[in-house]
Structure formats: structure tokens, C-alpha cells
Amino acid sequence: MNPLNIIILAAGKGTRMCSDRPKVLHALAGRPLLQHVLDTAATLAPQKICVVYGHGGDAVPQAMAQFDAAFALQEPQLGTGHAVQQALPQLADDGLALVLYGDVPLTQPATLRRLLDHSDALTLLTVNLDNPAGYGRIVRDANGRITRIVEEKDATPDERAIREVNTGILAAPTHLLRGWLQQLRNDNAQGEYYLTDIVAMAVAQGVEVRAVHPAHEWEVQGVNSRVQMAELERAWQGELAHRLMTQGVALIDPARIDIRGTLTCGRDVEIDVGCIFEGDVTLGDNVKIGAYSIVRDSRIAAATRIEPYSHIEQADIGANCRIGPYARLRPGTALGDEVHVGNFVEVKNSNIAAHSKANHLSYIGDADIGSRVNIGAGTITCNYDGANKHRTVIEDDVFVGSDTQIVAPVTIKKGATIGAGSTITRDTPEDALTLSRSKQMSIPGWVRPVKGKKKD
Ligand code: UD1
Ligand code: MG
């Protein structure tokens, strides 16, 4: 295959976002617009990716530093042709150059591959729109061959009636692109160097100009305002929901799910309304996610049920567990099979082994809990002394009575029972009842105070 160089235009100002942040750094589905484009570009195995940046200074290269991409500064911004010119010195002459826009996040790899089919043509990604306003129009001759692109501001009324528009995304042999860009002039309505002028140059030179179309309109939709951002977000979420359902996931309402990352599901997974999935989430067979739950970077094994309003982050949850409603599993939570974590229970950086239960109102932090342990309502691991965190160890078959405070570092040995209301500060022996509780007393004949009469 021909070497591929990808140029991503991202220098524009994004005035209509009304934001201090460069437009391409605003997030769609949890990732900056530009990151979507970079991720897609990477799937095409290019020799080089060069991002043209300008507005917002170093914010763009800094935010994208983890990507294998080069950057070219465009200052001032004199148009799309001028932008591509800034990248060219960094690109080798052989092979194809693909121009993408940093604010058009959802073009799919399959569509771009069709753009790269011909190694000696100029290929444009075009689309027919009911309302072509604002776009450059594709002008064709009587034989249907593309002759040029005319920008709306330079177009005649007849040309404005054309519904086939330029998406801006194109591919061409790099050495030809270089030659054309050297000839660009800015004698047009906007006084800019238009990348689109290369089309007429290619035609004059006898280079084939062809058009391919995207499979979906959202693939070529750009973001100029927060309204367009929200519309594109919905379109993309609809697509992701559709893909999940096609794979067999039951979504109670495909319009009420948000996926900001990668959601991988087994068979017969069911997801109720209002759930948000962030980062990498894997759900095993028959998992059920209750309404309005948020799951981030977590793995949930087969047949586990997450009840509504649960928050789960960086957790590894075994099979057949019952979590929530209103459970909070924080980073470093690892649950074995058939664990129950109930309402208003918070777990952080803790392991809870199979068949253990914490059903009500507890905080379990920095703890290692064995199997078949029962944590009574209101139990708290006191893991923090104001300076350091300490671990609590609770061995197999322990029963912790309600409202117990366990002051770490401490170990509750196998089979121990802790009486309700205890404050445990020292290790407790195996199979014994341990409790720390002030003695109950009663004062006979004690008289309850009565309220005095109010003065007028
Ligand atoms: C451009 C096309 C138009 C097409 C439309 C699709 C030209 C002359 N026109 O118009 O045919 O229908 O896109 O949306 O190419 N950019 C830079 N530096 C610049 C100018 C722009 O990096 O100096 C970047 C922007 O950040 C953006 C992209 O190029 O990502 C397009 O710029 P924009 O100003 O939106 O171009 P349009 O005038 O909309
Ligand atoms: Mg535009």
C-alpha cells in the first residue's frame, strides 16, 4: 500500500462556541473532538499524522501530547489551503495525503478507506444536503464530471441551488497537492487561501477528480456551536445504542443511554434508562444495570445485578452479585462472586470475597474482607488517622454487628463475632464474641424536663 500522510486542520477559532477553550478540545462522547479524529486516523495506519493548530496557542498540542502526531503552527489563519501548506514541509512526497477536519469528529474508518482507494486521483468526500447553506458547492459539467468547488460567498444564485456539498475531507497524491498549493491565491470573497481551489487545478492538469459519499450524514457533520455539538452527540449516541441492540443488548430506551468510551457486553445484557458508561466497561452475560447508574472503567461479571442509582468506578465485580440501589463502588474495589452491597454502602480500595454482604449504610475503605462475612448496618472502617491510611483485615465467616467502628490497622480473625455498637481498636480472636460497649443503666424515677410557659 501507498504510504499515507494525514493532515488534520484544527487551527480555526470556533467563535460560535463562545468559549475560552479551543473548539477541537470540547468533548463529544467523553473525548475531545480532535481525539476522535486522531483515533480514527490511527486506524488507517498512516506514516505520519500532522495536526495544524493555531487558535488557543499551545493548548491543542499539550492536550494531545500522548498521541503519535506531529504539530504545525498556523499563525495567522489565512484559510484552509494556507493551513494545509503549514503541514506539508513535514510530509514525505510519496503516497497519499488525507485532509481531515479536527471539528468533524465522526467520519468512520470505512468511509475514509474508500477515499483512499485511488492512488492517483483527487478524491473528495461529498454529500447531498436538503439544506446546503454555508457549504462549498460541488460544480459538475454536463457529463456529471466535477469541475470545481465554489464557496457559498463566491457562488452565483444557480450555484447556490446545488445540493451536493464539499465536506472538506479529501485525499490526493502528496506531490500533486504540494504543487497545487503553491499556486493558491486569495482573490476571493473572503480573502483566504481556499483549499477547495485545488479541484479546478486538478481538472486543468487532467488529474481525475472523484467523489465518494459517507454512509451516514453525521459522519461529515462539523461542530461550530454548542447546539451542533449536542445534536451530534445525540446522533452518535443513537448510533452506539443501535450497534449495542444489534449485538443483542436490551436497552429499555435507546434514546436514554450515554456511552463515553467503550462498552463491551455479553449475551442478554439489559440496561435500564438514564445510565452513563465511561471509559472501558465490560458487562458479562445476563448482567442487568438499573436505571440512572454510572459505571466507569469497570468489569462486571455474569448475572450480576446493579440496582438503580449506583455509582461504580474502577471496580472489578464478580458473578451473581447484587449491588445497590444507591451503592458507591470507588476505585480499587474488587468483589468476588455472589457479594451483596446494598444501599448507601461505599467501598473503596477493598477486596470483598465471595458470598459476603454489606447491605446497609456502611463505609468499607482499605479493607480485605474474606468469604461469607456479614457486615452489619452502619459499620465503618476507620482507615484514616488524619495523615495515613491503614488496612482492615476481616477474615472468613466473621459477623460484624451493626454500628461498629473498626479502627485500622486491625485484624478480625476467622469466625469472630463483633457485638453491635462496638469500637474495635485491637485484633480480635477467632471464633469468639468481641464487643466494646459501655454498660447499659437505668435511673428509676427520673423526671423529664418540661417546657416553661412563654412570657407575653
Ligand atoms: C470549508 C470549505 C467548504 C466546506 C466546509 C465544510 C474551504 C475554502 N471551504 O469551509 O467548501 O463546505 O469547510 O465544513 O476549504 N481551518 C484552519 N485554518 C484556517 C481556516 C480553517 O485550520 O485558516 C480549519 C478549521 O479549524 C476547520 C476547517 O479548517 O476545522 C474548516 O474551516 P472553516 O472555517 O469551518 O471552513 P468553511 O469556511 O466552513
Ligand atoms: Mg466550517
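Just follow the structure's listing: the first ligand is 1, and inside any ligand the first atom is 1. We're numbering straight along the sequence, starting at 1.
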K23 and ligand 1 - part of the residue with a heavy-atom distance under 4.0 Å: neither

4.0 Å heavy-atom contact, H82 with ligand 1: no

Region of Q74 engaging ligand 1 - heavy atom pairs below 4.0 Å: side chain

Per-atom contacts, ligand 1 versus A83 - under 4.0 Å to a heavy atom: 17 (C), 18 (N), 22 (O)

Close approach, L78 and ligand 1, non-hydrogen under 4.0 angstrom: yes

Heteroatom proximity flag, A11 to ligand 1, N/O under 3.5 Å: yes

Counterpart residues, salt bridge (Lys or Arg N to Asp or Glu O under 4.0 Å), relative to R145 (two or more places apart): D141

Spacing of E219 atom CD and T111 atom OG1 [to the nearest 0.5 Å]: 3.5 Å

Polar proximity ligand 1 side, T196 side, N/O cut 3.5 Å exclusive: no

Residue of the set T167, L98, V99, L170 for which side-chain contact (heavy atoms from CB on, under 4.5 Å) holds with L125: T167

Audit row: E313, R330, salt bridge (charged side-chain N to carboxylate O under 4.0 Å, His left out) steps and yes/no: CA-CA 5 Å; E313 181 178 3; R330 290 173 51 202; over 6 Å; no

Contacting atoms of ligand 1, where contact means under 4.0 angstrom from a heavy atom of G136: 3 (C), 4 (C), 11 (O), 12 (O)

Residues forming a salt bridge (Lys or Arg N to Asp or Glu O under 4.0 Å) with E231, sequence neighbours excluded: none

I8 side chain near L34 side chain, heavy-atom distance below 4.5 Å: yes

Per-atom contacts, ligand 1 versus G12 - under 4.0 Å to a heavy atom: 17 (C), 22 (O), 25 (C), 26 (O)

Steps toward salt bridge (charged side-chain N to carboxylate O under 4.0 Å, His left out) verdict (R305, E270): CA-CA 10 Å; R305 283 176 61 170; E270 189 180 305; over 6 Å; no

Whether Y292 and Y309 hold their rings parallel, tilted or perpendicular, with breakpoints at 30° and 60°: parallel

Proximal ligand 1 atoms for T167, defined as those under 4.0 Å from one of its heavy atoms: 6 (C)

Nearest-option assignment for atom 21 (C) of ligand 1, heavy atoms, candidates L9, V104, T80, V84: T80

Pairwise distance CD1(I352) to OG(S371) - rounded to 0.5 angstrom: 11.0 Å

Any G79 heavy atom less than 4.0 Å to ligand 1: yes

Option whose closest heavy atom lies nearest to atom 1 (C) of ligand 1, chosen from Y194, Y53, Y101, Y135: Y101

Min N/O separation Q190 to ligand 1 under 3.5 Å: no

